[in-house]
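So you know, we letter chains A, B, ... as the sequences are listed, proteins then strands, and number each from 1. Since the model is a prediction, treat every value here as computed from it, not as a measurement.
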Amino acid sequence: MIKREKIKDILSSTEFNRETTVMGWVKTFRNNQFIALNDGSCMSNLQVVVDFANTPEEVLKKITTGAAISASGKLVESLGKGQKCEIKADSVQILGESDPEKFPLQPKKHSLEFLREIAHLRFRTNTFNAIFKVRNALSFAIHQFFNERGFVYLHTPIITASDAEGAGEMFRVTTLPFDDTPRTDSGEVDFKEDFFGRSANLTVSGQLEGELGAMALGEIYTFGPTFRAENSNTTRHLAEFWMIEPEVAFADLEDNMNLAEDLLKYVIRYAMDKCPDELAFLANRLAEEEKSKPQNQRSELDLMSKLNFCLENDFERVTYTEAIHILKHSKPNQKKQFKYLVEDWGVDLQSEHERYLVEKHFKKPVILTDYPADIKAFYMRMNEPDADGRKTVRAMDILFPGIGEMVGGSQREERLEKLQQRMQEMHIPEEELYWYLDTRRFGSAPHAGFGLGFERLVLFVTGMTNIRDVIPFPRFPKNAEF
RNA sequence: UCCUAAGUAGCUCAGCUGGUUAGAGCAUCUGACUGUUAAUCAGAGGGUCCCUGGUUCGAGCCCAGGCUUGGGAGCCA
C-alpha cells in the first residue's frame, strides 16, 4: 500500500506545494469538484479538489458519500474560504464504493435514535467520532492515574460461580442443553452436569475478588465489563457496561473519597487537555440541542463551564442524615412537590431527591456518606450507632448533575465477627463466600474501595444524555444487535 | 416491570369529522452549472401508513391485543 499521510497531520502542516497521498471516507462531494474527506484522525475534513475534466467519468460517479478513496496530489493553500489548505488531486482511486441509494448517512443532521439503529455505521458521524475519542482518552487516563500511583491493574473474572454478591439479576452461563436439561432426583436442574460443575453467571462486580487482591498487593483496580440482567429501560443503565473498581488496603472512607475525587478530576482534566476539538464540537452540539428546549429546562452552564466548574470546586461531602435534614426542609418537600415526600430517617433517596441536592441545593457534585445500614450492602463497615441508636455504614455515593450516582463505594467491614453477623442478618450463605471471609481470618486490615460507572463518566464529560450513545455497541433489554 | 408519548418515502415530519389517486423538506436519480462549504437551478422516481384482528359501505385516522422506540419511575454503576 502507498504510504498515506493522516489528515490530522496535513491540516497542521505548513509545508505547502508538496506531493502527498491521503485515504479516507467521503463526507460530501460538492459541485463535481470538492470532496470533504475524513479519515478518522481528527474531527475536521480535508478538502480534496478533483480535476473533473481530467478524471474518468466512472471514477467521478463513484465519489459518493460514504465511499472510501485514495487521493494523491499537491498540498496547496486553499483558494476558497473555509479551509486553510487542500489537496489538488492528480489522481483519485476508489478503494470501496458506497451505493448512494442505500448508504443511510447523509450530510445532514440525523437523530440519535436513528443512529442507534445503525450503530455499525454511526462511527462515521462527527458526533460519534468525538464521543469515542473522548471515551478513549478517559479510558487511557484512568490507567495512567492508577499507574502513576502504584496501583496494580487486576483482571477479575468475568464468569463467576458465586451468586451471593447481591448486586442484582445475573446472566447465566451454561452449556447445558435447553431442551434436554439434566435433572436431579428431586427434579431440579443438575448443575453438576454443567461446564463448571456448578451454576455460573457473568460478573456483576469484581469487588469481592478485588478485595482479595488488595489484601496482598495493597492497591489494585479493575477496569472491565460488567453485566446486569435487570430489565432496566433508562438513559443511565446498560446490561453490559464497564466499571472501574479500585480497592485500597489500609485506607478508610476519607481516603476513599479523596481517591475518587482525585480520579474524577484527573481524568476530566486529561480529556480536556487531549480532546479540545472533540469537546468543543460536543459542547456546540449540546448548545444547539439546548436551544430547542424551553427556557426553564435549559442548563445554566455550557459543557466546558460545567467541566471546569467540576475541576475547580471541591465535591460537597454530606452525611445521609444531613441530606435528609436538608430535604425535609426543602421547598419541594414542604410544598409537596416531590412525588415521594421525605418524612423519616431511614428511607432510600429517590432520584428526584438526589437531583434536588445536586442540581438545586449544592449545584455541584455531592458525596453522600454514612447511609442507614438497612439499605446498603453487607460488606460495608458498620459505624457505632449514633446518639439516637441509628445504625449506619461507612458508605459513600458520588452524585453528579444530570447523571445521578457516578460512584458507589465504602470502607469495607474488616472485622470478621461483625461481617458474619451482617451476612446472617441479610441471609447471605457463609459457605459460598468462605474465600472472601478468609481475608478477614488471615491478616485482616482496614480497606476501602468503590465502583465507578465508566459510561456514566463518559456521559458527563461528553454532555450526552443517553448512555446508549456513549458505548459503541449498547446492550439493553431486547437489543443486542451488531 | 410501571406511567407516558410516539411509530406514515432513505431521513425529519404534515395528513382535517373516517371519504376518491397519502403530501412536504432534505436525500437519491437525470440534466444544467463548475471555487463549492448541508453548493445552486430544473425535472423524475420512491409508500407493508409498525404487526394481527375487529367495527364500518369505506380505516393512515376509531376499537382490542401485540411489537418496537423516546421520555419519566424503579433496580443501580
Between [X] and [N], is there a side-chain N or O to OP1/OP2 distance below 4.0 Å?
{"X": "A/Arg30", "N": "B/U36", "value": "no"}
{"X": "A/Ser232", "N": "B/C75", "value": "no"}
{"X": "A/Gln350", "N": "B/G74", "value": "yes"}
{"X": "A/Lys61", "N": "B/U30", "value": "yes"}
{"X": "A/Thr28", "N": "B/A39", "value": "yes"}
{"X": "A/Arg355", "N": "B/A73", "value": "yes"}
{"X": "A/Ser111", "N": "B/C11", "value": "no"}
{"X": "A/Arg116", "N": "B/G70", "value": "yes"}
{"X": "A/Asn31", "N": "B/U36", "value": "no"}

(message) Could you tell me how far apart A/Phe52 (CZ) and B/A32 (C1') are, to the nearest whole angstrom?
(response) 12 Å
(request) Scan side-chain atoms only and decide if A/Thr127 and A/Arg285 contain a donor-acceptor pair under the 3.5 Å cut-off. (result) no
(request) State, without any angle test, whether A/Glu86 and A/Ser78 hold a side-chain donor-acceptor pair at a distance under 3.5 Å. (result) yes
(request) May I ask whether A/Phe34 stacks on the base of B/G35, given the cut-offs of 5.5 Å between ring centres and 30° between planes? (result) no
(request) Name the orientation class of the two ring planes belonging to A/Tyr221 and A/Phe146 (parallel below 30°, tilted from 30 to 60°, perpendicular beyond 60°). (result) parallel
Searching all strands shown, indicate the nucleotide that pairs with [N] (Watson-Crick or G-U wobble; both distances under 3.5 Å).
{"N": "B/G65", "answer": "B/C51"}
{"N": "B/C2", "answer": "B/G72"}
{"N": "B/A44", "answer": "B/U28"}

For the side chain of [X], counting heavy atoms from C-beta on, which of [options] is nearest?
{"X": "A/Thr235", "options": "B/A77, B/G71, B/G74", "answer": "B/G71"}
{"X": "A/Arg228", "options": "B/U12, B/G70, B/C76", "answer": "B/C76"}
{"X": "A/Gln106", "options": "B/U68, B/C11, B/U34", "answer": "B/C11"}

(request) Please indicate whether A/Lys364 has more than 12 foreign heavy atoms, meaning atoms of other residues, nucleotides or ligands, lying under 6.0 Å from its NZ. (result) yes
(request) Would you please indicate if the ring centroids of A/Phe140 and A/Phe145 are separated by under 6.0 Å? (result) no
